[in-house]
Amino acid sequence: MMTPQHDAFTRVNRRTFLYQAGGVALATSALLAGCGSGSGTGGNSVTLNVWGGVPAENGPAKLIEAFHKAHPNIQVKYTRFVNDDTGNTKLDTALQGGTPIDIYFSYTVARMSQRIKANLAVDLTSYVNGDSDLSSWTQNNEAIFKPDNKYYSLPTTREPNFVAINKKMLDAAGLQVPASWTVSDYREMAKKLTSTSGGKTVYGAYSSPGLPLITLGPNANYKDGGKESNFDNPVFKQDLQLHVDMIKEKSAFPWTEVLAQNLRAYAQNPFLTGQEAMWITSPFSLRYVNDTSKYPHDFMTTFAPMPRPDNASTFYNGGSLNNWIMMHPRTKNKDAAWTFIRYWLGDGSKYMLTAGKNPVLPNIDQDTQVNGILGSNKATLYDVEAFKKAVFAPDLKFVTDTITVAGAQIMQITQSQTDRCLIGEISPDQWVSTVKQQCDDAIKKAGA
C-alpha cells in the first residue's frame with residue numbers, strides 16, 4: 001500500500017508515487033565527446049542520445065567522460081529529465097515523437113512495462129546471451145524484469161531499503177541501533193524518539209514501514225495472475241491502520257505536512273532539518289546527507305535493517321533493483337548503444353556511486369562502494385559499519401513486480417485514497433472498499 005517513502009524508491013504501488021531523482025524543473029545537460037575511431041563502429045563516429053533522471057553532475061558526466069576515453073568514436077549527449085509525472089510525460093512524448101533518443105531510463109516497473117508494451121524498447125536478449133558474465137548474472141537473479149522471457153531492460157543499480165536514524169536523537173533517548181527488529185519494535189522506538197519542546201514536536205519517524213511489500217513481496221497488489229486486485233488482503237488495512245495510528249500518536253510525521261511541503265519530492269527535508277528521527281530510504285538519498293552546504297546538520301546518520309513483520313519467519317527487504325536502462329527501437333546505432341549500456345553496467349558504474357547508486361554487478365568492491373556513496377566526510381556524517389550491515393547483508397530479498405496490469409491507474413488510485421485516509425477524510429475500511437472496487441474496474445478496463 002501506501003506511504004511514499006517506499007516508493008520513493010520508485011516502484012509501482014509500493015505505497016504511492018515515486019520519489020524524484022532530484023530537482024523540481026526539467027533540466028537538460030548535454031555532454032559531448034569528441035570524434036575518433038574504433039569501438040566496433042567501423043571507424044565511423046556515431047552520436048548516442050541518452051535520457052536519464054540523474055543530474056549530470058551527480059555521476060553521468062564523469063561516466064560519459066570516461067566512456068569517451070575508452071570508446072573515442074562514440075559521442076554521447078546526455079539529457080536529464082526529472083523523475084516525476086511531468087518529466088516522465090516529457091520522456092514518453094519524446095519517445096513516441098521524433099526526438100532523437102537511443103537510450104533512456106525507467107524508474108518504475110509500471111512505466112517500464114508501459115513502454116515495452118508500446119514497442120518503445122529493443123529486445124536485448126541476444127546481447128545479454130552473448131555476454132557470458134551478464135548472462136550468468138541475469139539467469140540467476142529473480143529480481144530482473146523479464147516479460148515473455150526476454151530482456152527489454154536491465155537494472156543498473158541495487159537499491160536496498162534501510163532505516164536511517166538520527167544518532168544524536170537515538171543516543172539522547174538511550175537507545176541502541178537494533179541488529180534485528182519487528183514492525184512493533186519500530187513503532188515503539190518511534191514513540192520513544194518523539195518529543196515536544198517549546199511547542200515544537202520532533203516526530204519519531206517519517207512513516208510506518210510498508211507491510212504489504214515486506215510481507216507479500218512481488219505483485220502484492222494482485223491476485224489470480226493479475227486478473228483481480230489484492231487490496232482486500234488484510235495486510236493492506238493493517239498497514240494503513242498502523243500508519244494512521246502512528247500519525248495520531250505523533251510517532252509519525254503528519255500527512256497534512258507531507259502534502260503541504262511536497263515531501264514526496266523532498267522526503268529528505270524533515271530528516272535533515274531535525275523534524276524526525278527515523279526515515280526509511282535507500283542509498284540514493286544519501287547524496288543529500290553528503291550535501292552539508294545545502295543541508296547543514298550536526299548529527300551522524302546511523303542505519304538499521306528494515307524491520308520484519310511481526311511473527312514472520314521470512315520477509316522481503318522492500319528494496320529492489322532499479323534504474324532500468326533501455327534501448328529505443330529508433331536508434332540507428334544498436335551496437336554502439338549496447339556498448340554504452342554494457343559500460344554503464346560494468347566499468348562505468350563506479351562513477352554513479354556519488355549519486356548513491358550501488359552497482360548491480362559484482363565488479364566494484366565493497367570499500368569502493370562505501371567510499372563512493374558516503375563520500376570523503378563519511379567518518380563525520382555516518383556510522384559506517386552500520387551502513388555496511390544494512391546495505392550489504394547477504395540475505396536481502398529484493399522485490400520486482402512482474403504483473404503490471406493497469407499499473408499507472410492503480411498507482412494513481414492508491415495515492416489519492418491514501419492521502420485522503422492519512423489526513424482523516426476516510427477510514428481504513430473505506431480505503432479498502434474504494435480502492436478495491438476502483439482498481440478492479442481499472443484491471444477489467446485494461447482487458448486482463
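For the numbers below, each heavy atom of this structure counts, side chains included, while hydrogens, waters and symmetry mates do not.
No donor-acceptor pair closer than 3.5 Å links the side chain of Thr434 to the backbone N or O of Trp431. Looking at Asp401, its side chain never comes within 3.5 Å of a backbone N or O of Ile403 through a donor-acceptor pair. Formation of a donor-acceptor pair under 3.5 Å by the Arg330 side chain with backbone atoms of Gly97 is found in this model. A donor-acceptor pair under 3.5 Å is formed between the side chain of Arg158 and the backbone N or O of Val391. Side chain of Asn230 to backbone of Ala220: a donor-acceptor contact under 3.5 angstrom is found. Although no hydrogens or angles enter the test, the distance criterion places a donor-acceptor pair under 3.5 Å between the side chain of Asp84 and the main chain of Thr86.
Few gaps surround NZ on Lys191; more than 12 heavy atoms of other groups in view lie less than 6.0 Å from it. Surrounding NZ of Lys223 are more than 12 heavy atoms belonging to other residues, nucleotides or ligands, all under 6.0 Å away. Within a 6.0 Å radius of CG in Asp395, other residues, nucleotides and ligands contribute more than 12 heavy atoms.
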Worksheet entry | Evaluation steps, side chain to side chain contact (heavy atoms under 4.5 Å, CB included), between Arg342 and Leu134 | CA-CA 9 Å; Arg342 189 61 180 87; Leu134 197 57; 4.1 Å; yes
Worksheet entry | Stepwise salt bridge (charged side-chain N to carboxylate O under 4.0 Å, His left out) check, Lys444 with Glu228 | CA-CA 8 Å; Lys444 289 178 182 177; Glu228 181 183 351; over 6 Å; no
Worksheet entry | Evaluation steps, ring-ring contact (aromatic ring centres under 6.0 Å, His included), between Trp324 and Tyr107 | CA-CA 6 Å; Trp324 301 85; Tyr107 298 93; over 10 Å; no
Can you list, pair by pair, the side-chain donor-acceptor contacts under 3.5 Å of residues 171-180, counting residues two or more places apart and other chains?
unit_1	atom_1	unit_2	atom_2	d
Asp171	OD2	Lys167	NZ	3.0
Ser180	OG	Arg308	NH1	2.9

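Ring planes of Phe340 and Trp344: perpendicular class, angle over 60° (limits at 30 and 60°).
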